[in-house]
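Worksheet for the structure shown next.
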2 protein chains.
Amino acid sequence: MTSMTIGDAAKASGVPAKMIRYYESIGLIPKAVRNDSGYRYYAITDVHTLRFIRRGRDLGFSIDAIMRLLALWRDHHRASADVKRIALDHAAALRSKIADLEAMLGPIEYLADHCQGDHRSDCPIMDDLADHVARSEHEARETRPRHTKTTQRRGVST
Amino acid sequence: MTSMTIGDAAKASGVPAKMIRYYESIGLIPKAVRNDSGYRYYAITDVHTLRFIRRGRDLGFSIDAIMRLLALWRDHHRASADVKRIALDHAAALRSKIADLEAMLGPIEYLADHCQGDHRSDCPIMDDLADHVARSEHEARETRPRHTKTTQRRGVST
DNA sequence: GCTTGACCTTCCTATTGTAGGAACCTGTAA
DNA sequence: TTACAGGTTCCTACAATAGGAAGGTCAAGC
């Protein structure tokens with residue numbers, strides 16, 4: 001009753017069998033008990049761990065963070081401050097990632113809003129990409145010429 | 001004057017030399033002209049292309065999307081509608097990704113807010129992860145037993 | 001008992017884009 | 001001529017997941 005195959009553990013935990021094997025291989029979970037022919041067998045407590053991992057992954061925690069959270073989970077003498085730090089670090093990373101994506105989204109939405117989107121070739125989106133191309137010429141000129149290795153040489157026609 | 005090494009093209013475009021080689025290897029940019037000893041040489045127009053790519057990457061476009069944008073850039077008979085579609089698809093993907101991250105951030109911030117973060121072990125964050133563990137037991141029971149391969153067998157003590 | 005089909009095993013590959021390093025060759029300034 | 005910066009290719013890693021191939025096993029039904 002308390003032992004099941006990897007497939008059943010997968011169903012019970014929501015973690016694909018493939019991932020369970022992977023988590024074992026990287027040491028996130030201990031090596032499973034095997035029967036004589038090599039099949040892994042899992043107890044309910046193993047499924048609990050997998051569920052914990054799944055929830056952590058759903059919240060976007062890295063495998064590494066989950067490894068630390070699991071250790072704290074098992075440690076009855078843990079300080080909640082340690083758990084909180086992991087969570088706050090992750091929250092900061094999430095906020096940073098969101099900010100990055102929004103910094104991309106802003107210009108794109110603005111440009112797309114101003115694009116006719118018709119049969120003509122005129123397009124502020126292209127203009128933006130090309131603007132940056134044009135800007136590069138200035139920057140290229142401002143690059144200190146050091147020793148201008150820009151002469152034509154054998155095989156290169158320029 | 002119009003020809004430079006990969007390092008100079010990297011400086012002028014903001015695309016690392018390593019990435020320039022990579023972009024060439026996957027066909028994003030054409031194969032560079034080489035001198036007799038195999039050195040790649042780049043013209044200003046190549047740097048323009050690299051700048052275009054860099055801007056596209058900064059806006060979060062995938063390499064594949066940039067490949068299509070480059071083709072449209074070169075096509076003077078392009079329809080701005082095609083450019084716009086690529087941009088709008090990307091905007092949708094960005095918004096979706098932002099929503100995913102916010103769906104993670106919400107619970108984490110809430111839980112962290114309610115965590116004392118002191119020396120005691122009590123922690124709503126852990127409780128959340130464990131809640132989902134508890135929930136798994138119900139779901140496990142609801143899994144149709146089909147042919148309950150949960151009996152003890154050779155080598156498995158349960 | 002035997003067949004069958006679902007399920008298990010390991011191992012390899014791909015994804016996405018970037019980066020590091022090793023081993024070796026080349027260009028150029030001094 | 002000699003350094004040394006900078007070029008070349010090739011291999012590896014990242015992070016987490018997923019697909020497939022080749023082959024062995026379990027359990028049910030006959």
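In the text below, chain A, chain B and the rest are named by the order of the sequence lines, each starting its count at 1. Keep in mind that the numbers below use all heavy atoms, side chains included, and drop hydrogens, waters and symmetry copies.
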Can you find an N or O donor on one side and an acceptor on the other, under 3.5 Å apart, linking the side chain of [X] with the base of [N]?
X	N	value
B:Tyr23	C:dG17	no
A:Lys18	D:dG20	yes
B:Tyr39	C:dG27	no

Write down the distance between [atom1] ([X]) and [atom2] ([N]), rounded to a whole number of angstrom.
X	N	atom1	atom2	value
A:Tyr22	C:dT10	OH	C1'	17 Å
A:Arg40	D:dT25	CZ	C1'	14 Å
A:Ile26	D:dA15	CD1	C1'	9 Å
B:Lys31	D:dT9	NZ	C1'	14 Å
B:Met19	D:dG7	CE	C1'	17 Å
A:Tyr41	D:dT25	OH	P	12 Å
B:Asp64	C:dT15	CG	P	12 Å
A:Asp8	D:dT25	CG	P	20 Å

>> Per the side-chain hydrogen bond (donor to acceptor under 3.5 Å, both in side chains) rule, what does the pair list look like for residues 85-103 of chain B, sequence neighbours excluded?
In response: A:Glu109-B:Arg95
Report yes if a side-chain nitrogen or oxygen of [X] is closer than 4.0 Å to either non-bridging phosphate oxygen (OP1 or OP2) of [N]; otherwise report no.
X	N	value
A:Ser37	D:dC26	yes
B:Arg54	C:dT18	no
A:Arg34	C:dT10	yes
A:Asn35	C:dT9	no
B:Thr5	D:dG7	yes

> Quick one: does A:Leu69's side chain get under 4.5 Å of B:Met126's, heavy atoms only?
Replying inline: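 Yes, at least one pair of side-chain atoms sits under 4.5 Å.
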> With a 4.5 Å limit on heavy-atom distance, are the side chains of A:Asp128 and B:Leu59 in contact?
Replying inline: yes
>> Please pick, from C:dT18, D:dT9, D:dA16, the nucleotide with the shortest atom-to-atom distance to any side-chain atom of B:Arg21.
In response: D:dT9
>> Using the side-chain heavy atoms of B:Arg57, tell me which of these nucleotides is nearest: D:dT17, D:dG7, C:dG17.
In response: C:dG17
>> Let me check something: do A:Leu88 and B:Leu111 share a hydrophobic cluster, defined by ILVMFWY side-chain heavy atoms less than 4.5 Å apart, either directly or through other members?
In response: no
>> B:His48 vs B:Phe52, test: ring-ring contact (aromatic ring centres under 6.0 Å, His included). Steps then yes/no.
In response: CA-CA 6 Å; B:His48 291 174; B:Phe52 184 103; over 10 Å; no
